[in-house]
Amino acid sequence: MDMQSSLLDRLLDAGLLIDTGIDGLYGRSGAFEDVIARFEKLIDAHAPADARPEVIRFPPGMNRKHFEGSGYMKSFPQLAGTVHSFCGCELDHMNLLQCIAEGGDWTEGQKATDVVLTPAACYPLYPVVAKRGPLPAGGGLFDLQSYCFRHEPSKDPARMQLFRMREFVRMGTPDQVMEFREDWMERGQKLISAVGLDVELDTANDPFFGRAGKMMGNSQREQKLKFELLIPVTSSANKTACLSFNYHQDHFGTTWGLTTADGATAHTACVGFGLERITLALFARHGLETADWPADVRKALWG
Amino acid sequence: MPIIEDVRQIIASHGKLPVDVATLADDADLYAAGLSSFASVQLMLALEERFDIEFPETMLNRKTFSSIGAISSAVAELAPDEQVA
(Lines give C-alpha, C1' and ligand atoms only; values in the text may rest on other atoms or scores of the structure.)
Protein backbone atom coordinates (compact mmCIF):
# COMPACT_ATOMS: atom_id res chain seq x y z
CA MET A 1 0.00 0.00 0.00
CA ASP A 2 1.45 3.38 -0.90
CA MET A 3 1.88 6.24 1.56
CA GLN A 4 -0.96 8.28 0.07
CA SER A 5 -3.71 5.71 0.48
CA SER A 6 -2.39 4.79 3.90
CA LEU A 7 -2.79 8.34 5.24
CA LEU A 8 -6.24 8.51 3.66
CA ASP A 9 -7.18 5.13 5.15
CA ARG A 10 -5.98 6.19 8.58
CA LEU A 11 -7.98 9.44 8.38
CA LEU A 12 -11.10 7.53 7.30
CA ASP A 13 -10.59 4.84 9.97
CA ALA A 14 -10.19 7.54 12.62
CA GLY A 15 -13.39 9.22 11.41
CA LEU A 16 -11.61 12.52 10.71
CA LEU A 17 -12.70 12.28 7.07
CA ILE A 18 -15.94 10.60 6.00
CA ASP A 19 -16.08 8.62 2.77
CA THR A 20 -18.78 9.60 0.23
CA GLY A 21 -17.83 7.05 -2.41
CA ILE A 22 -16.13 9.72 -4.55
CA ASP A 23 -12.36 10.27 -4.49
CA GLY A 24 -11.59 13.78 -3.27
CA LEU A 25 -15.09 14.40 -1.82
CA TYR A 26 -15.18 13.86 1.94
CA GLY A 27 -17.14 14.79 5.00
CA ARG A 28 -15.14 16.35 7.84
CA SER A 29 -15.48 15.45 11.52
CA GLY A 30 -15.91 17.95 14.36
CA ALA A 31 -12.26 17.45 15.35
CA PHE A 32 -11.09 18.16 11.79
CA GLU A 33 -13.25 21.31 11.58
CA ASP A 34 -12.01 22.49 14.97
CA VAL A 35 -8.42 22.43 13.69
CA ILE A 36 -9.46 24.41 10.59
CA ALA A 37 -11.26 27.01 12.72
CA ARG A 38 -8.31 27.32 15.13
CA PHE A 39 -5.82 27.59 12.31
CA GLU A 40 -7.88 30.37 10.70
CA LYS A 41 -7.71 32.27 14.01
CA LEU A 42 -3.92 31.78 13.95
CA ILE A 43 -3.84 33.25 10.43
CA ASP A 44 -5.68 36.31 11.79
CA ALA A 45 -3.17 36.57 14.63
CA HIS A 46 -0.24 36.51 12.18
CA ALA A 47 -1.73 39.13 9.84
CA PRO A 48 -0.38 42.69 10.16
CA ALA A 49 -2.33 44.36 12.99
CA ASP A 50 -2.88 47.63 11.13
CA ALA A 51 -3.93 46.09 7.78
CA ARG A 52 -7.71 46.01 8.27
CA PRO A 53 -8.74 44.05 5.18
CA GLU A 54 -12.32 44.18 3.93
CA VAL A 55 -13.82 40.80 4.86
CA ILE A 56 -16.00 39.19 2.16
CA ARG A 57 -17.38 35.65 2.07
CA PHE A 58 -18.69 34.48 -1.30
CA PRO A 59 -20.61 31.21 -1.66
CA PRO A 60 -18.74 28.45 -3.53
CA GLY A 61 -20.43 29.36 -6.82
CA MET A 62 -19.74 32.37 -9.03
CA ASN A 63 -21.41 34.33 -11.81
CA ARG A 64 -20.82 32.42 -15.07
CA LYS A 65 -20.21 35.68 -16.96
CA HIS A 66 -17.47 36.60 -14.48
CA PHE A 67 -16.01 33.12 -14.79
CA GLU A 68 -15.96 33.41 -18.59
CA GLY A 69 -14.39 36.86 -18.41
CA SER A 70 -11.66 35.68 -16.04
CA GLY A 71 -10.02 33.58 -18.76
CA TYR A 72 -10.04 30.49 -16.52
CA MET A 73 -11.00 28.27 -19.47
CA LYS A 74 -7.90 29.40 -21.38
CA SER A 75 -5.65 28.03 -18.66
CA PHE A 76 -7.45 25.33 -16.68
CA PRO A 77 -10.36 23.89 -18.72
CA GLN A 78 -9.69 20.46 -17.21
CA LEU A 79 -10.31 21.65 -13.64
CA ALA A 80 -13.49 23.71 -14.03
CA GLY A 81 -16.89 22.60 -12.79
CA THR A 82 -20.07 24.10 -14.20
CA VAL A 83 -23.53 23.85 -12.64
CA HIS A 84 -26.25 22.38 -14.86
CA SER A 85 -29.95 21.98 -14.10
CA PHE A 86 -33.07 20.41 -15.52
CA CYS A 87 -34.96 23.06 -17.50
CA GLY A 88 -37.49 20.94 -19.40
CA CYS A 89 -41.27 20.43 -19.46
CA GLU A 90 -43.34 17.67 -17.84
CA LEU A 91 -42.79 15.32 -20.78
CA ASP A 92 -39.04 15.92 -20.55
CA HIS A 93 -39.30 15.09 -16.87
CA MET A 94 -40.95 11.75 -17.63
CA ASN A 95 -38.23 10.94 -20.15
CA LEU A 96 -35.60 11.96 -17.61
CA LEU A 97 -37.00 9.60 -14.97
CA GLN A 98 -37.19 6.77 -17.49
CA CYS A 99 -33.60 7.40 -18.52
CA ILE A 100 -32.43 7.28 -14.88
CA ALA A 101 -34.40 4.08 -14.29
CA GLU A 102 -32.76 2.48 -17.32
CA GLY A 103 -29.29 3.58 -16.21
CA GLY A 104 -28.88 5.88 -19.23
CA ASP A 105 -27.08 9.23 -19.40
CA TRP A 106 -29.82 11.38 -17.90
CA THR A 107 -27.46 14.39 -17.69
CA GLU A 108 -27.45 14.89 -21.47
CA GLY A 109 -30.49 17.17 -21.36
CA GLN A 110 -29.26 19.27 -18.42
CA LYS A 111 -28.77 22.94 -19.30
CA ALA A 112 -25.97 25.19 -18.06
CA THR A 113 -27.10 27.61 -15.35
CA ASP A 114 -25.59 31.04 -14.69
CA VAL A 115 -23.52 29.54 -11.86
CA VAL A 116 -20.02 28.03 -12.07
CA LEU A 117 -18.27 26.43 -9.11
CA THR A 118 -15.64 28.78 -7.68
CA PRO A 119 -12.16 27.60 -8.77
CA ALA A 120 -10.19 29.85 -6.39
CA ALA A 121 -11.47 32.04 -3.58
CA CYS A 122 -10.42 35.30 -5.25
CA TYR A 123 -12.04 34.75 -8.68
CA PRO A 124 -15.43 36.27 -7.74
CA LEU A 125 -13.70 39.29 -6.17
CA TYR A 126 -12.05 41.14 -9.07
CA PRO A 127 -15.15 42.00 -11.17
CA VAL A 128 -17.04 43.00 -8.01
CA VAL A 129 -14.32 45.41 -6.92
CA ALA A 130 -13.80 46.75 -10.45
CA LYS A 131 -17.51 47.65 -10.59
CA ARG A 132 -17.04 50.01 -7.62
CA GLY A 133 -14.72 52.24 -9.68
CA PRO A 134 -11.08 53.16 -9.05
CA LEU A 135 -9.43 51.79 -5.90
CA PRO A 136 -8.95 54.15 -2.93
CA ALA A 137 -5.59 55.93 -2.60
CA GLY A 138 -3.90 53.17 -0.58
CA GLY A 139 -5.16 50.42 -2.89
CA GLY A 140 -7.36 47.53 -1.74
CA LEU A 141 -6.93 44.64 0.71
CA PHE A 142 -9.44 41.81 1.04
CA ASP A 143 -9.90 38.79 3.31
CA LEU A 144 -11.67 35.87 1.62
CA GLN A 145 -12.51 32.26 2.35
CA SER A 146 -14.48 29.88 0.19
CA TYR A 147 -14.92 26.27 -0.73
CA CYS A 148 -13.33 25.81 -4.16
CA PHE A 149 -13.88 23.11 -6.77
CA ARG A 150 -11.29 21.48 -8.99
CA HIS A 151 -12.07 18.43 -11.06
CA GLU A 152 -9.11 16.21 -10.26
CA PRO A 153 -10.31 13.03 -8.53
CA SER A 154 -7.46 11.46 -6.58
CA LYS A 155 -6.73 9.07 -3.72
CA ASP A 156 -4.31 11.68 -2.40
CA PRO A 157 -6.20 13.24 0.54
CA ALA A 158 -4.25 16.47 -0.12
CA ARG A 159 -5.87 16.71 -3.57
CA MET A 160 -9.56 17.11 -2.80
CA GLN A 161 -12.13 18.14 -5.39
CA LEU A 162 -13.90 20.44 -2.93
CA PHE A 163 -11.72 22.21 -0.38
CA ARG A 164 -11.43 25.54 1.41
CA MET A 165 -9.05 28.30 0.51
CA ARG A 166 -8.41 31.29 2.78
CA GLU A 167 -6.98 34.25 0.90
CA PHE A 168 -5.75 37.76 1.32
CA VAL A 169 -5.82 39.77 -1.91
CA ARG A 170 -3.96 43.02 -2.46
CA MET A 171 -4.74 45.44 -5.28
CA GLY A 172 -2.79 48.59 -6.12
CA THR A 173 0.50 49.71 -7.63
CA PRO A 174 3.19 47.12 -8.50
CA ASP A 175 5.19 48.27 -5.44
CA GLN A 176 2.23 47.94 -3.09
CA VAL A 177 1.31 44.42 -4.19
CA MET A 178 4.93 43.17 -4.29
CA GLU A 179 5.52 44.48 -0.77
CA PHE A 180 2.39 42.65 0.38
CA ARG A 181 3.60 39.41 -1.18
CA GLU A 182 7.11 39.66 0.28
CA ASP A 183 5.66 40.41 3.70
CA TRP A 184 3.35 37.38 3.60
CA MET A 185 6.11 35.04 2.42
CA GLU A 186 7.83 35.78 5.73
CA ARG A 187 4.68 35.74 7.83
CA GLY A 188 3.56 32.46 6.24
CA GLN A 189 6.79 30.70 7.17
CA LYS A 190 6.56 31.94 10.78
CA LEU A 191 2.93 30.86 10.95
CA ILE A 192 3.68 27.32 9.78
CA SER A 193 6.71 27.03 12.05
CA ALA A 194 4.48 28.05 14.98
CA VAL A 195 2.46 24.84 14.54
CA GLY A 196 5.53 22.60 14.41
CA LEU A 197 5.64 21.90 10.67
CA ASP A 198 8.70 21.91 8.41
CA VAL A 199 8.53 24.47 5.63
CA GLU A 200 10.31 24.99 2.36
CA LEU A 201 9.71 27.98 0.09
CA ASP A 202 10.04 27.34 -3.64
CA THR A 203 9.10 28.90 -6.97
CA ALA A 204 6.19 27.16 -8.64
CA ASN A 205 3.81 27.20 -11.57
CA ASP A 206 0.09 26.60 -11.93
CA PRO A 207 -1.09 23.41 -13.71
CA PHE A 208 -1.88 25.17 -17.01
CA PHE A 209 -3.49 22.91 -19.61
CA GLY A 210 -1.65 21.31 -22.54
CA ARG A 211 1.53 22.30 -24.40
CA ALA A 212 0.56 25.96 -24.43
CA GLY A 213 0.23 25.53 -20.68
CA LYS A 214 3.78 24.22 -20.48
CA MET A 215 4.90 27.52 -21.91
CA MET A 216 2.69 29.51 -19.51
CA GLY A 217 4.10 27.50 -16.61
CA ASN A 218 7.72 28.00 -17.66
CA SER A 219 7.09 31.70 -18.12
CA GLN A 220 5.47 31.91 -14.67
CA ARG A 221 8.51 30.23 -13.09
CA GLU A 222 11.05 32.33 -15.00
CA GLN A 223 9.35 35.51 -13.79
CA LYS A 224 8.96 34.13 -10.23
CA LEU A 225 5.27 34.99 -10.24
CA LYS A 226 4.33 32.11 -7.95
CA PHE A 227 5.92 30.87 -4.76
CA GLU A 228 4.68 27.97 -2.68
CA LEU A 229 5.28 26.88 0.88
CA LEU A 230 5.82 23.13 0.72
CA ILE A 231 5.00 20.97 3.73
CA PRO A 232 5.18 17.16 4.11
CA VAL A 233 1.67 15.66 4.10
CA THR A 234 1.60 12.20 2.52
CA SER A 235 5.36 12.00 2.02
CA SER A 236 8.43 13.93 3.12
CA ALA A 237 10.03 13.42 -0.29
CA ASN A 238 7.13 14.82 -2.33
CA LYS A 239 5.93 17.73 -0.26
CA THR A 240 2.56 19.38 -0.72
CA ALA A 241 2.00 23.06 -1.51
CA CYS A 242 -0.02 24.39 1.43
CA LEU A 243 0.36 28.14 0.93
CA SER A 244 0.91 30.04 -2.30
CA PHE A 245 2.02 33.60 -2.95
CA ASN A 246 0.98 34.85 -6.36
CA TYR A 247 1.77 38.01 -8.29
CA HIS A 248 -0.72 38.36 -11.16
CA GLN A 249 0.98 41.47 -12.58
CA ASP A 250 -1.77 43.43 -14.40
CA HIS A 251 -3.64 40.28 -15.57
CA PHE A 252 -6.79 40.83 -13.49
CA GLY A 253 -6.42 44.60 -13.63
CA THR A 254 -6.52 44.55 -17.44
CA THR A 255 -9.16 41.82 -17.59
CA TRP A 256 -11.63 43.70 -15.37
CA GLY A 257 -10.60 47.34 -15.93
CA LEU A 258 -9.45 47.59 -12.33
CA THR A 259 -7.63 50.90 -11.76
CA THR A 260 -5.70 52.64 -9.01
CA ALA A 261 -6.81 56.02 -7.61
CA ASP A 262 -4.71 57.85 -10.24
CA GLY A 263 -6.19 55.87 -13.13
CA ALA A 264 -3.36 53.38 -13.81
CA THR A 265 -4.20 49.71 -14.37
CA ALA A 266 -4.07 48.01 -10.98
CA HIS A 267 -1.71 45.16 -10.24
CA THR A 268 -2.85 42.36 -7.94
CA ALA A 269 -1.33 39.70 -5.70
CA CYS A 270 -2.75 37.12 -3.34
CA VAL A 271 -1.67 34.77 -0.60
CA GLY A 272 -3.70 31.58 -0.40
CA PHE A 273 -3.89 29.04 2.44
CA GLY A 274 -5.03 25.51 1.59
CA LEU A 275 -6.93 24.92 4.83
CA GLU A 276 -7.51 21.18 4.40
CA ARG A 277 -3.92 20.62 3.27
CA ILE A 278 -2.51 22.42 6.32
CA THR A 279 -4.89 20.48 8.59
CA LEU A 280 -3.86 17.20 6.95
CA ALA A 281 -0.19 18.14 7.41
CA LEU A 282 -0.89 18.72 11.12
CA PHE A 283 -2.59 15.33 11.53
CA ALA A 284 0.15 13.59 9.52
CA ARG A 285 2.90 15.17 11.61
CA HIS A 286 1.44 15.27 15.12
CA GLY A 287 -0.90 12.26 15.05
CA LEU A 288 -4.63 11.71 14.65
CA GLU A 289 -5.56 12.66 18.25
CA THR A 290 -5.34 16.43 18.73
CA ALA A 291 -5.21 15.92 22.52
CA ASP A 292 -1.82 14.22 22.03
CA TRP A 293 -0.28 17.01 19.93
CA PRO A 294 2.86 18.72 21.32
CA ALA A 295 2.14 21.29 24.01
CA ASP A 296 3.53 24.24 22.02
CA VAL A 297 1.42 23.35 18.99
CA ARG A 298 -1.69 22.99 21.16
CA LYS A 299 -0.92 26.33 22.79
CA ALA A 300 -0.51 28.04 19.40
CA LEU A 301 -3.86 26.71 18.19
CA TRP A 302 -6.01 26.50 21.31
CA GLY A 303 -4.31 29.06 23.53
CA MET B 1 9.48 34.23 -48.11
CA PRO B 2 12.39 34.35 -45.64
CA ILE B 3 11.48 33.04 -42.17
CA ILE B 4 12.07 36.37 -40.50
CA GLU B 5 9.50 38.13 -42.72
CA ASP B 6 6.93 35.42 -41.98
CA VAL B 7 7.70 35.71 -38.27
CA ARG B 8 7.16 39.47 -38.42
CA GLN B 9 3.79 38.94 -40.12
CA ILE B 10 2.69 36.34 -37.57
CA ILE B 11 3.71 38.61 -34.67
CA ALA B 12 1.73 41.44 -36.27
CA SER B 13 -1.41 39.28 -36.47
CA HIS B 14 -1.09 37.24 -33.22
CA GLY B 15 1.26 39.16 -30.90
CA LYS B 16 -1.35 41.77 -29.83
CA LEU B 17 1.47 44.28 -29.42
CA PRO B 18 0.62 47.88 -28.60
CA VAL B 19 3.32 48.98 -31.07
CA ASP B 20 3.83 48.48 -34.83
CA VAL B 21 6.01 45.41 -35.39
CA ALA B 22 7.72 47.18 -38.31
CA THR B 23 9.27 49.62 -35.82
CA LEU B 24 10.93 46.81 -33.83
CA ALA B 25 14.51 45.71 -34.51
CA ASP B 26 15.21 41.99 -34.92
CA ASP B 27 16.80 41.90 -31.47
CA ALA B 28 14.24 44.12 -29.70
CA ASP B 29 12.79 42.61 -26.48
CA LEU B 30 9.22 41.60 -27.37
CA TYR B 31 8.17 41.34 -23.71
CA ALA B 32 9.36 44.90 -23.12
CA ALA B 33 7.35 45.85 -26.23
CA GLY B 34 4.22 44.47 -24.57
CA LEU B 35 4.03 40.77 -25.50
CA SER B 36 1.85 39.06 -22.87
CA SER B 37 2.09 35.43 -21.76
CA PHE B 38 -1.24 34.62 -23.43
CA ALA B 39 -0.24 36.32 -26.68
CA SER B 40 3.09 34.47 -26.72
CA VAL B 41 1.19 31.19 -26.49
CA GLN B 42 -1.04 32.19 -29.42
CA LEU B 43 2.06 33.23 -31.30
CA MET B 44 3.65 29.84 -30.61
CA LEU B 45 0.58 27.99 -31.94
CA ALA B 46 0.41 30.20 -35.06
CA LEU B 47 4.11 29.61 -35.79
CA GLU B 48 3.63 25.85 -35.45
CA GLU B 49 0.75 25.94 -37.93
CA ARG B 50 2.50 28.17 -40.46
CA PHE B 51 5.80 26.25 -40.50
CA ASP B 52 4.34 22.80 -39.75
CA ILE B 53 6.63 22.36 -36.77
CA GLU B 54 6.23 21.43 -33.10
CA PHE B 55 8.27 23.26 -30.51
CA PRO B 56 9.80 20.71 -28.10
CA GLU B 57 9.13 21.28 -24.39
CA THR B 58 12.70 22.50 -23.88
CA MET B 59 11.94 25.45 -26.20
CA LEU B 60 8.64 26.41 -24.56
CA ASN B 61 10.07 29.26 -22.51
CA ARG B 62 10.32 33.04 -22.58
CA LYS B 63 13.79 33.06 -24.14
CA THR B 64 12.63 31.32 -27.34
CA PHE B 65 10.02 34.03 -27.95
CA SER B 66 11.98 37.00 -26.62
CA SER B 67 12.74 38.68 -29.96
CA ILE B 68 11.99 38.42 -33.68
CA GLY B 69 15.53 37.11 -34.17
CA ALA B 70 15.25 34.51 -31.40
CA ILE B 71 11.95 33.22 -32.80
CA SER B 72 13.40 33.04 -36.33
CA SER B 73 16.43 31.06 -35.10
CA ALA B 74 14.17 28.62 -33.27
CA VAL B 75 12.00 28.16 -36.36
CA ALA B 76 15.07 27.73 -38.58
CA GLU B 77 16.30 24.99 -36.25
CA LEU B 78 12.98 23.12 -36.41
CA ALA B 79 12.28 23.73 -40.12
CA PRO B 80 15.66 23.31 -41.84
CA ASP B 81 14.11 23.45 -45.33
CA GLU B 82 12.76 26.99 -44.86
CA GLN B 83 14.64 29.91 -46.34
CA VAL B 84 16.34 31.67 -43.42
CA ALA B 85 16.90 35.14 -44.87
Side-chain angles (χ1 to χ4, degrees), chain A residues 66-80 119-120 123 126 174 177-178 203-227 244 246-259 263-270, chain B residues 3 6-8 10-21 24 27-79:
Chain A
H66 292 169
F67 174 83
E68 289 162 2
S70 75
Y72 192 82
M73 291 306 275
K74 282 188 201 167
S75 304
F76 314 105
Q78 80 281 23
L79 298 179
Y123 269 70
Y126 305 103
V177 307
M178 285 300 275
T203 53
N205 60 267
D206 286 308
F208 296 109
F209 183 72
R211 289 182 59 249
K214 184 81 191 164
M215 185 153 147
M216 295 285 292
N218 285 338
S219 170
Q220 194 180 24
R221 268 180 191 274
E222 284 167 48
Q223 295 179 86
K224 295 192 187 306
L225 298 180
K226 186 181 191 76
F227 286 90
S244 73
N246 307 286
Y247 175 35
H248 316 124
Q249 297 172 304
D250 62 352
H251 174 67
F252 289 115
T254 306
T255 300
W256 296 113
L258 198 58
T259 57
T265 298
H267 283 229
T268 60
C270 68
Chain B
I3 288 176
D6 259 1
V7 167
R8 281 182 172 277
I10 291 169
I11 294 172
S13 49
H14 293 88
K16 297 193 180 117
L17 293 181
V19 295
D20 184 352
V21 177
L24 294 173
D27 63 351
D29 183 340
L30 291 177
Y31 295 104
L35 183 67
S36 71
S37 297
F38 276 124
S40 66
V41 167
Q42 284 163 337
L43 187 58
M44 185 263 286
L45 295 172
L47 288 162
E48 289 193 339
E49 192 177 318
R50 161 63 188 85
F51 293 104
D52 194 22
I53 53 176
E54 188 173 308
F55 288 98
E57 283 199 4
T58 51
M59 287 174 113
L60 296 179
N61 54 44
R62 280 170 74 79
K63 201 169 145 229
T64 304
F65 300 88
S66 60
S67 69
I68 294 163
I71 295 172
S72 302
S73 307
V75 170
E77 197 181 321
L78 298 172

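Letters A, B, ... are given to chains in the order of the sequence lines, protein chains preceding strands, and every chain is numbered from 1. Heavy-atom basis, side chains included; hydrogens, waters and symmetry copies ignored.
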Looking at A:Q249, A:Q223, A:K74, which makes the most heavy-atom pairs under 4.5 Å with chain B?
A:Q223
The interface call for B:F55 against chain A, heavy-atom contacts under 4.5 Å, is both
So which bits of residues 251-259 of chain A come within less than 4.5 Å of chain B, counting non-hydrogen atoms only?
A:H251
Measure from the side-chain N and O atoms of A:R211 to the backbone N and O of B:L60, and report whether any donor-acceptor pair falls under 3.5 Å.
no
Is it the backbone or the side chain of B:Q42 that comes under 4.5 Å from a heavy atom of chain A, or both, or neither?
neither
Can you tell me if CD on A:E68 sees more than 12 non-hydrogen neighbours from other groups inside 6.0 Å?
yes
Heavy atoms under 4.5 Å from chain A: which residues of residues 31-41 of chain B carry them?
B:S37, B:F38, B:S40, B:V41
Other residues, nucleotides, ligands: >12 heavy atoms within 6.0 Å of B:D20 CG:
yes
Quick one: CE on A:M215 to CG on B:L43, what's the gap to the nearest 0.5 Å?
7.0 Å
Rounded to the nearest 0.5 Å, how far does CD of A:E222 lie from CZ of B:R62?
6.5 Å
